[in-house]
Amino acid sequence: IFYQVYPQSFYDSNGDGIGDIPGLIEKLDYIQWLGCNAVWMNPCFDSPFNDAGYDVRDFYKVAPRYGTNADLKRLFKEAHKRDMRVLLDLVPAHTSADHPWFVQSCRPDKNKYTHWYLWTDSAWSWQKEGFSLIRGASDRNGCYLPSFFASQPALNLGFARPDPKQPWQLPVDHPDVKAVRREIKSILRFWLDAGADGFRADMASSVVKNDPGWKETSRFWREVRDLLDKHYTEAALLSEWSTPSAAIAAGFHADFMIHINDTAYDALFRQEIWRNHWTRRNAPSFFDKQGKGDITAFLKPFLNYQAKIRRKGHICVPSGNHDISRLAYGRSSRELELAFAFLMTLPALPLVYYGDEIGMKYLRHLHSKEGGYERTGSRTPMQWTGGKNAGFSTAPKNKLYLPVDSAPGAPNVEKQSRKNDSLLNRVRQLIQLRRSAPALGRDGKLTLLCAERGKYPLVYLRRAGRQRYLVVLNPSGQDQTATVILTAKEKPKKLIGRGRIDFLPHGRRTNLIAGPSGYGIFQISDGD
Ligand code: GLC
Ligand code: CA
């Protein structure tokens, strides 16, 4: 069970207003208490921070604001002591424009790094089919291809189908392309040798250009996986790809189903963000109390991916991440609990985005920070206590990385940990339940009992051996009914839940009534 840490916003140990690695080490006990056993930390490497660290200037060095390489090694050790794992963020598609490789690549004279990035052959050829290029960046007579922002020039991992009329497009077996690929593997080895447990790979699906069907992209990642299988058999690779069938075939151990590549994930929680440019307005996500969503828009692709990757890899379905609005956007803490009940009973790897476990809000009206734009509101400091700066930092308020949520009654860990039925304690119980019952975990069998297009509630069974659990979820704001095949002898015993879930046995069937925003996880005994 993953916990995602945005390092600059998690815990500031030295009072400079920015979260850091020693701070994260101090909070490992908290993450362990919550029940998560793996941490993925966003990029923590040296960077000018034009894209919050996704613009790396030195892949081999921790950014001073987060600490030192020695601190990062200590994080690995401290995590391992607690039987936890740490994944770093690997950014193979681009570097910062300030990276010394790019600085060299910008020079008009030919050098080792001339072909490490994607440059056209003239400063005046900035309009190439399918690419938006940057012109006038340096004295080199050419335009470069940015990977994300202009400050993130794309590294040259080659073109799957170079256009013969555009000789600047190098094939994947060009010696300079191979050199770039070797360098990426050496970054990986460097941190695995230092004690890291693996990587989340940024923009994993777009490292090779003009690659229909991801053929060459997959070949590259397969090489990376082979390296792990040979030398680092315990290490894990998790991709930002959002097409698990392709990512697992390419060698990843797990892939996120998130907001990119298709709309399956959005259909659960976030249909609203793309439709309305981050403004929530009556859009029908399934986990929405309007009750107008469609669970099959998620489940169909999910089950389809599951069938394709069986026994080869996993899907990770997160509560959120640093690129999308928070789960709490437009939801009460009761609705959040219900969403977590779903995430913790799916046959997928769950991930808790820091702060979602207490229902941290999406702060909509903040100024952009470090290339965050709308994403900034999901990146604010973790709220630990009701004290100064929510216990995130002792720095003066104006020195904080981002403002803390100052709303009266804003959630915090201290307050919620004392209240038995707070969101935090409920999420913790759900995690504990999942960890204690293999049937609820990634390998238990999933049988849908009621999961129809446009209908509520969602009802399913999870099973492993003789263990059986029934999950009933009604995110809508009204009573909902369903009929499931369950005899009177099969008594559901409630383990956790909220609101009304009534069972009315009726021969071989049972009629079920789920109250507004009600959910329940039940153990089913055979009655004998
Ligand atoms: C990924 C990251 C995002 C970043 C982008 C460019 O989508 O999650 O935060 O801006 O890649 O590296
Ligand atoms: Ca700090």
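Both ligands and their constituent atoms are indexed starting at 1 by order of listing. Excluded from the calculations below are hydrogen atoms, water molecules and symmetry mates; all remaining heavy atoms, backbone and side chain alike, are included.
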* Report yes or no: does D71 contribute a side-chain atom to a donor-acceptor pair with the main-chain N or O of T68 at less than 3.5 Å? => yes
* Asked: Closer than 3.0 Å to the Ca ion (ligand 2), which protein N, O or S atoms?
  -> D12 OD1, N14 OD1, D16 OD1, I18 O, D20 OD2
* Structure fact -> Using heavy atoms and a strict 4.0 Å limit, residues surrounding ligand 1 turn out to be D51, Y54, H94, F148, Q152, R200, D202, M203, E240, H322, D323, R375, R379
* Structure fact -> For P318 and F269, the nearest pair of non-hydrogen atoms, with its separation, is O-CE1, 4.4 Å
* Asked: Which residue, R379, R375, R65, forms the salt bridge (Lys or Arg N to Asp or Glu O under 4.0 Å) with E370?
  -> R65
* Structure fact -> Applying side chain to side chain contact (heavy atoms under 4.5 Å, CB included) to K77 and not counting sequence neighbours gives none
* Please work out which of the three classes, parallel, tilted or perpendicular, describes the rings of F287 and F342, given edges at 30° and 60°. => tilted
* Shortest non-hydrogen separation from N210 to R161 and the atoms involved -> ND2-O, 3.2 Å
* Counterpart residues, side chain to side chain contact (heavy atoms under 4.5 Å, CB included), relative to D294 (two or more places apart) -> T296, A297, R453
* Could you check Y113, W116, W119 and say which one makes a side-chain hydrogen bond (donor to acceptor under 3.5 Å, both in side chains) with S105? => W119
* To do: Keeping the roles fixed (side chain from Y144, backbone from A150), state whether a donor-acceptor pair exists under 3.5 Å.
  => yes
